[in-house]
Amino acid sequence: MMEVAATSRLSRTLILACGWIGLLFLLAPLLVTFPVSVTTQRYLSMPDDGISFQHYVKLLTDVRWSQSIITSLIIAGLTTLCATVLGTVCAIGLWRLNSRFTHYLRIMILAPLIVPPIVNALAFYRSWIDLKWLDSIGGVVVAHTIVCLPLVLITVSTSLSGFDRRIEQAARSLGASPLTVLRRIVVPNALPGILSGAAFSFVTSWDEVVVVLFITSRKVTTLPVIIWKTLTERVDPAVAAISVVMIVATLAAVLVRLASSRS
């Protein structure tokens, strides 16, 4: 028995060590952005003769960077709101109906995840020409909502898959109205999926660049578009600075999520 326990502990230790090595291997390239972001040069380089935070200041003082950050936050926020509400309502409706028709409808809603992004971008571009939505924040929000809605549908449907329908039926038998059941029983049980879908929607809208390149030109410029143009035209260390900000923000969000789940 002691030999079996020792072998089991050794196996767990090896698996844990391999996991940490793999994680460090994946995160190692991200660590390079930290020293590059504080270089004193105007091009990507390691800080040889001191450090400087001028590239972080540039994110706030340069109109092109600051305006793109604000635009991306507005678009991502509106997209998250629209996609979360519509995706949650759709997931609950499909969960309640639960028929063969809803199965095909679910496949249609998930189509944007299957189709390559370039195909979606071309479809949006051609449709937005007729609707006169090109180069507008509203047009980008609608396009991102269509792309992000399936993510919310998946997460909310996953949360509802383990929900006991008898609880809803018991509440209805005790006199609760459909709206009360939805507000006090169904939505709280689906809340983890709703929050996860909202987080996925925000990140997806914040990082999306292919669709935006097709349906915007000058009036609407998001942060990923600025990063793309900066990397293709002239590599600016400000790209490393904004990358560090996004990495820190992501780590902070993960830590807050872990702390809230433990409490």
Side-chain angles (χ1 to χ4, degrees), residues 33 42 44 55-90 108-154 197-247 249-250 253:
T33 59
R42 295 184 178 180
L44 291 181
H55 304 296
Y56 290 93
V57 176
K58 185 177 182 179
L59 298 178
L60 300 176
T61 57
D62 193 325
V63 177
R64 188 180 65 161
W65 285 101
S66 60
Q67 186 63 41
S68 65
I69 293 173
I70 295 174
T71 302
S72 292
L73 286 174
I74 294 174
I75 292 175
L78 293 176
T79 298
T80 301
L81 178 62
C82 296
T84 303
V85 173
L86 294 176
T88 301
V89 172
C90 183
M108 292 178 61
I109 297 174
L110 296 178
L113 297 180
I114 304 172
V115 178
I118 189 67
V119 177
N120 283 331
L122 288 171
F124 286 134
Y125 175 74
R126 186 63 189 86
S127 301
W128 273 212
I129 291 177
D130 297 333
L131 296 173
K132 297 181 180 180
W133 287 355
L134 288 178
D135 206 14
S136 65
I137 291 181
V140 178
V141 170
V142 173
H144 282 186
T145 300
I146 296 174
V147 174
C148 296
L149 192 148
L151 302 175
V152 181
L153 176 65
I154 291 174
F200 283 128
S201 298
F202 187 89
V203 172
T204 301
S205 177
W206 176 269
D207 291 337
E208 205 284 320
V209 65
V210 178
V211 172
V212 178
L213 286 174
F214 272 78
I215 64 176
T216 63
S217 57
R218 296 182 178 179
K219 294 182 181 179
V220 179
T221 305
T222 61
L223 180 61
V225 172
I226 293 294
I227 295 175
W228 171 265
K229 292 181 179 179
T230 302
L231 292 176
T232 55
E233 297 173 359
R234 179 178 60 86
V235 181
D236 191 338
V239 174
I242 190 62
S243 300
V244 171
V245 173
M246 295 172 66
I247 292 172
T250 303

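In this chain, residues are counted from 1 in sequence order. Just so you know, these numbers come straight off a predicted model, no measurement behind them.
Scored by the ring pair (Phe, Tyr, Trp, His ring centres under 6.0 Å) test, Trp206 finds no partners at all (sequence neighbours excluded). The side chain to side chain contact (heavy atoms under 4.5 Å, CB included) search around Ile154 returns Leu110, Leu113, Thr158, not counting sequence neighbours. Residues satisfying the side chain to side chain donor-acceptor pair (under 3.5 Å) test with His55, not counting sequence neighbours, are none. Applying the side chain to side chain donor-acceptor pair (under 3.5 Å) rule to Asp135 yields the partners Ser217; only residues at least two apart in sequence or on another chain are considered. When the side chain to side chain contact (heavy atoms under 4.5 Å, CB included) test is applied to Ile227, the partners found at least two apart in sequence or on another chain are Trp65, Leu223, Leu231, Val239, Ile242. Taking the side chain to side chain contact (heavy atoms under 4.5 Å, CB included) definition, one finds that Leu78 meets it with Ile74, Val141, sequence neighbours left out.
Interatomic distance, OG1 of Thr204 versus CG of Leu149, reported as 12.0 Å (0.5 Å rounding). One distance of note links CE of Met108 with CD1 of Ile114; it measures 11.5 Å at 0.5 Å rounding. Remark: Gln67 CD to Ile226 CD1 distance equals 10.0 Å, nearest 0.5 Å.
Closest of all the heavy-atom pairs between Leu134 and Phe214 is CD2-O, 4.5 Å. The minimum heavy-atom distance linking Ile109 with Leu153 is given by the pair CG2-CD2, 3.6 Å. For Trp128 against Ala143, the heavy-atom pair with the smallest separation is CZ2-N, 3.9 Å. The heavy-atom pair separating Thr145 from Cys82 by the smallest distance is OG1-CB, 3.7 Å. Nearest heavy atoms, Thr71 versus Val220: CG2-CG1, 4.1 Å. Listed here is the closest heavy atom pair of Val211 and Ala121: CA-CB, 4.0 Å.
Among residue pairs with one or both ends in residues 218-230, none qualify as side-chain hydrogen bond (donor to acceptor under 3.5 Å, both in side chains); sequence neighbours excluded. Among residues at least two apart or in separate chains, salt bridge (Lys or Arg N to Asp or Glu O under 4.0 Å) pairs with a member in residues 58-83 are Lys58-Asp236. Residue pairs that meet the salt bridge (Lys or Arg N to Asp or Glu O under 4.0 Å) test with at least one member in residues 108-129, sequence neighbours left out, are Arg126-Asp130. Listed by first and then second residue, the side-chain hydrogen bond (donor to acceptor under 3.5 Å, both in side chains) pairs that reach into residues 110-123 come to none, sequence neighbours excluded.
Atom CZ of Phe200 has 12 or fewer heavy atoms from other residues, nucleotides or ligands within 6.0 Å.
In this structure, Ser205 contributes its side chain and Ser201 its backbone to no donor-acceptor pair below 3.5 Å.
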